[in-house]
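This report concerns only the one structure given below.
Every chain is numbered from 1, with letters handed out A, B, ... down the list of sequences.
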Number of protein chains: 2
Amino acid sequence: MSKLWEAPPSRERPVLSVPVIARAAIELADQEGIDALSMQRVAAVLGFTKMALYRHVSDKAELLAVMVDVAVGEPPSLGAGDWRTRLESFLAALSAVWERHPWLPWVTLGDRMMGPREMAWVECALTALDDTGLSGVEKMDAVTLLFGHIRNTQSSGTAGTQPWAEDHQVREPYKELLERHGDRFPALSATLAGIGEAPGDFGRRFGLDCILDGLAVRIGRAASGA
Amino acid sequence: MSKLWEAPPSRERPVLSVPVIARAAIELADQEGIDALSMQRVAAVLGFTKMALYRHVSDKAELLAVMVDVAVGEPPSLGAGDWRTRLESFLAALSAVWERHPWLPWVTLGDRMMGPREMAWVECALTALDDTGLSGVEKMDAVTLLFGHIRNTQSSGTAGTQPWAEDHQVREPYKELLERHGDRFPALSATLAGIGEAPGDFGRRFGLDCILDGLAVRIGRAASGA
DNA sequence: ACACGCATGTGTCCGATGGATACTGTGTGT
DNA sequence: ACACACAGTATCCATCGGACACATGCGTGT
């Protein structure tokens with residue numbers, strides 16, 4: 001008699017577990033941004049009380065750690081080729097994942113431990129630099145540099161110093177502002193006045209080429225005798 | 001008779017105003033980190049109720065905007081020299097300010113308007129690239145790239161993919177982890193095993209040199225025709 | 001067959017956050 | 001002398017992460 005009318009005990013309640021929670025949290029963060037992620041919201045999505053989550057996850061930090069490792073997934077296999085093309089294809093894969101989960105690169109910032117999947121990505125990036133003759137520190141720092149650049153040029157949330165939108169159109173408030181105070185910023189005015197059409201990922205491409213060219217210089221130097 | 005004993009009307013209550021509030025907030029953020037910054041805390045430091053602040057500042061976002069512009073201060077004057085040395089001295093100044101206010105580069109991330117001082121810094125950076133023959137977009141993107149790199153290699157809060165501390169000593173938990181699972185990450189293990197001494201700012205220096213070399217390639221290309 | 005124990009989930013409470021709103025007090029201009 | 005504008009205060013609210021005490025139900029040992 002317990003189960004009233006023998007009704008299915010609960011539609012829409014997937015049985016709580018760490019992966020289930022993580023997936024729900026990831027979906028929430030993907031759709032509404034990482035700031036909208038609260039224990040309450042995650043629990044609500046799954047149809048539970050927030051405190052139910054704490055049975056499976058010790059605190060929000062742990063939830064985030066799990067989310068990261070689930071969301072990042074497995075690194076790509078780079079195939080053959082020289083270090084540059086292999087790096088390029090690695091970074092394309094990284095971009096794709098970070099585009100799918102825009103919050104991902106930003107929650108991995110502070111002092112923290114990498115998860116196994118995360119380490120696998122770093123491992124993957126390092127292998128691309130295997131036969132370059134770079135030292136250990138240099139390899140790691142190159143990888144860090146590239147990760148950072150991709151994160152910085154992510155569409156989401158890195159306007160930073162850029163007075164234009166994704167399509168390189170100067171944003172309206174800046175236009176107005178420069179009309180009134182343009183004389184105080186001659187170089188900026190001139191620069192913005194002179195920009196034409198540019199693809200959305202021009203900044204990323206430009207920076208990437210700079211960095212890779214710089215790496216090439218060092219790698220060439222390392223190859224042709226210390 | 002109102003002012004009891006004609007005592008100075010209030011020691012330790014500097015009369016509220018936007019700059020006073022901003023300075024207090026900056027000091028708080030410098031000392032306890034940006035996460036410790038709340039209206040309550042700022043008000044408490046000054047000896048007022050938190051709501052008193054809202055008479056002078058419309059909300060926390062505006063307080064942050066003011067803090068940024070006050071904290072960033074005036075850009076340096078770069079003196080003479082080629083673009084590279086001028087950029088270097090610009091970036092040194094930027095690093096110094098961001099070192100003094102480690103929260104500064106991180107609160108300027110989302111979509112937002114730059115303040116006048118902030119724009120002056122961008123202006124300053126652009127002038128360093130004045131006679132390089134780079135296009136407008138390229139100049140802006142170069143500046144963005146460099147700002148981003150300095151931010152990424154700031155001591156505070158950018159461990160990210162780096163398994164070592166500031167002195168390039170591999171952090172303890174990673175050592176332990178690689179002892180147990182090192183075989184899953186051969187390249188990473190090898191890389192970390194092989195790192196020796198390196199100055200704290202090696203990563204920043206390395207990345208900076210890469211970027212500047214890459215820029216040099218483009219600038220040389222722009223100069224010699226095309 | 002029965003009862004106990006543990007895992008899982010619930011309800012309630014706490015301090016802190018950003019912010020709205022209504023109030024009080026005081027200084028100044030007419 | 002009086003009214004008004006403004007600076008600061010007192011309350012209130014929803015939301016956050018999290019602690020803790022409780023309910024509930026299933027599996028297992030006897």
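Just one residue in the list B:Leu208, B:Leu129, B:Leu78 forms a side-chain contact (heavy atoms from CB on, under 4.5 Å) with B:Leu87, and that residue is B:Leu129.
Atom pair B:Ile21:CD1 and C:dG18:P shows a separation of 14 Å (rounding to whole Å applied). Spacing between atom CG of A:Asp35 and atom P of D:dT15 amounts to 16 Å, rounded to whole angstrom units. Spacing between atom CD of B:Gln40 and atom P of D:dA10 amounts to 14 Å, rounded to whole angstrom units. To the nearest angstrom, P of C:dA16 lies 15 Å from CG of B:Leu28. Going from atom CD of A:Glu32 over to atom P of D:dC16 covers 11 Å, rounded to whole Å.
Note on B:Leu63: nothing from the nucleic acid sits closer than 4.0 angstrom, heavy atoms only. Within the 4.0 angstrom heavy-atom criterion, only backbone atoms of the sugar-phosphate kind lie near A:Met39; the bases stay farther away. Note on B:Leu53: nothing from the nucleic acid sits closer than 4.0 angstrom, heavy atoms only.
We find that A:Arg112 and A:Glu62 are not joined by a salt bridge, their nearest charged nitrogen and carboxylate oxygen being 4.0 Å or further apart. Using a cutoff of 4.0 Å between basic side-chain nitrogens and carboxylate oxygens, B:Arg41 and B:Glu32 are scored as salt-bridged.
Residue A:His56 places at least one side-chain N or O under 4.0 Å from the OP1 or OP2 atom of C:dG9.
Closest approach to the B:Arg55 side chain among D:dG18, C:dG19, C:dC23 is made by C:dC23 (side chain taken as heavy atoms from C-beta onward). Closest contact between the side chain of A:Lys60 and the listed nucleotides C:dG9, D:dG17, C:dT17 involves D:dG17.
Inspection of the A:Trp103 and A:Asp35 side chains reveals no N or O donor paired with an N or O acceptor under 3.5 Å.
Judged by distance alone, with hydrogens and angles left aside, A:Lys50 brings a side-chain donor or acceptor within reach of the base of D:dG17, the pair sitting under 3.5 Å.
Of the two residues contacting DNA chain D, namely A:Ala36 and A:Met51, the nearest-nucleotide position lying further toward the 5' end is that of A:Ala36. Summary of the strand contacts: A:Thr49 and B:Tyr54 both lie near DNA chain C, and taking for each the nucleotide with the nearest heavy atom, the more 5' one is attributed to A:Thr49.
In summary, the aromatic rings of B:Trp121 and B:Phe147 are positioned with their centroids too far apart to meet the 6.0 Å limit.
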